[in-house]
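Count residues from 1 along the sequence.
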Amino acid sequence: MATKKREPRSKFYELLQQQVQTEFHASQQYVAVAVWFDNEDLPQLAKLFYGQAVEERNHALAIVQYMMDTDHHVDIPPIGEVRNEFAEPTELIELALEQEKGVSVDIKELAKAARAEDDYQGAQFMQWFLKEQVEEVSQMSTLLNVMRRANGNLFDVENYLARESLAKDRDDAMPPVAGGAL
Ligand SMILES: [Fe+2]
Ligand SMILES: [Fe+2]
């Protein structure tokens with residue numbers, strides 16, 4: 001078996017390894033959000049977040065695939081803390097929006113590190129994620145606006161989601177995902 005590069009890693013590969021954890025954590029957090037909505041009998045909100053959880057898992061495994069393709073060792077990390085307690089529905093969407101904004105900052109750092117290290121392939125790999133984050137932040141901020149406008153009437157939010165599906169279309173430009181995208 002070929003020995004994979006373990007140490008020392010470039011900054012870009014250190015950040016990629018961290019991002020695997022961040023994306024898996026985002027996935028698990030969205031499962032918690034989906035289950036919270038499911039428990040409250042809000043199926044459209046639940047469905048949206050069950051779907052987001054799968055997307056985040058795909059992001060993690062796209063990074064894993066890229067690390068394997070470029071002959072780097074990759075660890076599958078533990079996930080970390082997941083928040084399950086919320087006082088009211090808007091809090092979950094605020095959390096989701098903050099999470100997406102945080103990931104956008106990470107992805108920019110990754111793109112910056114790849115450039116700084118003259119890793120052109122790495123910089124190119126990050127392009128899809130940069131675009132994806134614009135969509136994810138916009139999706140969550142739209143949902144937060146809808147939620148605030150509904151002013152506690154969650155049936156309005158459910159109707160809106162049933163009508164306007166915020167889910168994204170399948171994206172053929174997405175980088176390959178280890179084991180195949182779900
Ligand atoms: Fe993601
Ligand atoms: Fe995301």
Side-chain angles (χ1 to χ4, degrees), residues 1-34 48-84 92-141 143-144 166-182:
M1 263 193 63
T3 320
K4 304 275 181 190
K5 265 186 251 170
R6 193 182 268 272
E7 299 291 346
R9 275 186 173 139
S10 66
K11 182 174 179 210
F12 176 62
Y13 276 88
E14 282 297 340
L15 292 176
L16 271 184
Q17 177 65 70
Q18 277 174 36
Q19 199 61 28
V20 172
Q21 202 250 356
T22 303
E23 300 288 345
F24 273 127
H25 176 263
S27 177
Q28 194 82 340
Q29 182 62 65
Y30 282 155
V31 173
V33 168
L48 179 72
F49 282 96
Y50 283 125
Q52 283 304 120
V54 172
E55 275 197 25
E56 302 299 354
R57 172 259 184 217
N58 287 341
H59 296 166
L61 287 175
I63 297 170
V64 168
Q65 183 67 54
Y66 184 78
M67 291 177 82
M68 291 197 287
D69 285 347
T70 55
D71 257 349
H72 283 73
H73 174 80
V74 49
D75 287 316
I76 298 304
I79 284 164
E81 292 294 311
V82 171
R83 183 171 163 199
N84 283 279
L92 292 92
I93 311 303
E94 284 166 350
L95 174 95
L97 180 58
E98 283 316 301
Q99 183 167 285
E100 293 303 337
K101 283 181 177 170
V103 170
S104 295
V105 172
D106 297 340
I107 297 293
K108 277 183 204 156
E109 282 302 309
L110 272 152
K112 202 193 276 181
R115 276 199 189 188
E117 291 169 342
D118 289 337
D119 182 344
Y120 302 111
Q121 289 155 318
Q124 192 185 43
F125 175 67
M126 295 319 298
Q127 293 304 306
W128 181 86
F129 287 88
L130 286 166
K131 180 181 74 65
E132 174 74 3
Q133 279 316 116
V134 173
E135 290 174 18
E136 302 246 282
V137 169
S138 148
Q139 180 192 34
M140 286 308 158
S141 80
L143 185 55
L144 188 55
L166 286 182
K168 285 167 282 176
D169 297 330
R170 201 163 181 87
D171 182 350
D172 293 331
M174 191 188 174
V177 173
L182 294 184

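- Ring geometry for Tyr66 versus Phe125: interplanar angle under 30°, hence parallel rather than tilted (30 to 60°).
- In plain terms, the two heavy atoms of Met68 and Ala178 that are nearest each other are CE-CB, 3.9 Å.
- Of the possible donor and acceptor atoms, one in the side chain of Glu117 sits under 3.5 Å from a partner among the backbone N and O of Phe12.
- Applying the salt bridge (Lys or Arg N to Asp or Glu O under 4.0 Å) test to every pair with at least one member in residues 104-115, sequence neighbours left out, gives these pairs: Glu109-Lys112.
- Annotation: the span from Ile76 atom CD1 to Phe24 atom CZ amounts to 5.0 Å, rounded to 0.5 Å.
- Within the 4.5 Å cutoff, side-chain heavy atoms of Leu61 are placed close to those of Val64.
- The salt bridge (charged side-chain N to carboxylate O under 4.0 Å, His left out) search around Glu94 returns Arg148, not counting sequence neighbours.
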Practice problem: Evaluate side-chain contact (heavy atoms from CB on, under 4.5 Å) for Gln17 paired with His72, printing each intermediate quantity in order. | Solution: CA-CA 10 Å; Gln17 177 65 70; His72 283 73; over 6 Å; no
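- Across all their heavy atoms, Ala62 and Pro175 have their closest contact at CB-O, 4.2 Å.
- Nearest heavy atom pair, residue Ser27 against residue Ala53, reads OG-O, 2.7 Å.
- The distance from the NZ atom of Lys11 to the CG atom of Asp119 is 13.5 Å, given to the nearest 0.5 Å.
- The shortest distance between side-chain heavy atoms of Phe129 and Gln19 does not fall below 4.5 Å.
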Quiz prompt | Check against side-chain contact (heavy atoms from CB on, under 4.5 Å), Val177 and Arg57 | solution = CA-CA 9 Å; Val177 173; Arg57 172 259 184 217; 4.2 Å; yes
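- Atom-to-atom distance recorded for Tyr30:OH and Leu48:CG is 9.0 Å, nearest 0.5 angstrom.
- The number of heavy atoms from other shown groups lying within 6.0 Å of CD (Gln124) does not exceed 12.
- Side-chain contact between Gln121 and Thr70 is absent, with no heavy atoms from C-beta onward closer than 4.5 Å.
- Nearest approach of Ala114 to Gly122, heavy atoms of both residues: CB-C, 3.8 Å.
- In this structure, CG in Asp69 is found 4.5 Å from CD in Gln65, a value given to the nearest 0.5 Å.
- Within the 3.5 Å criterion, the main-chain N or O of Ile79 finds a donor-acceptor partner in the side chain of Gln21.
- Using a 4.5 Å cut-off on side-chain heavy atoms (C-beta onward), Lys101 and Met140 make no contact.
- Between atom CD1 of residue Ile107 and atom NZ of residue Lys131 there is a gap of 12.5 Å, rounded to the nearest 0.5 Å.
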Quiz prompt | Test log, rule side-chain contact (heavy atoms from CB on, under 4.5 Å), inputs Gln139 and Leu143 | solution = CA-CA 6 Å; Gln139 180 192 34; Leu143 185 55; 5.9 Å; no
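- Counting only heavy atoms from C-beta outward, the side chains of Leu97 and Ile93 never approach each other to under 4.5 Å.
- Ring-plane geometry between Trp128 and His59 is classed as perpendicular, the angle between the planes exceeding 60 degrees on a 0 to 90 degree scale with a lower cut at 30.
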Self-check item: From CA spacing to verdict: side-chain contact (heavy atoms from CB on, under 4.5 Å), Asn58, Val54
Solution: CA-CA 6 Å; Asn58 287 341; Val54 172; 4.0 Å; yes
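- Considering only residues two or more places apart in sequence or on other chains, Tyr50 meets the side chain to side chain donor-acceptor pair (under 3.5 Å) condition with Asp38.
- Between Val103 and Glu56, the closest side-chain pair of non-hydrogen atoms is not below 4.5 Å.
- A donor-acceptor pair under 3.5 Å is formed between the side chain of Ser104 and the backbone N or O of Glu100.
- In this structure, the separation between CD on Gln99 and CD on Gln29 is 6.0 Å, given to the nearest 0.5 Å.
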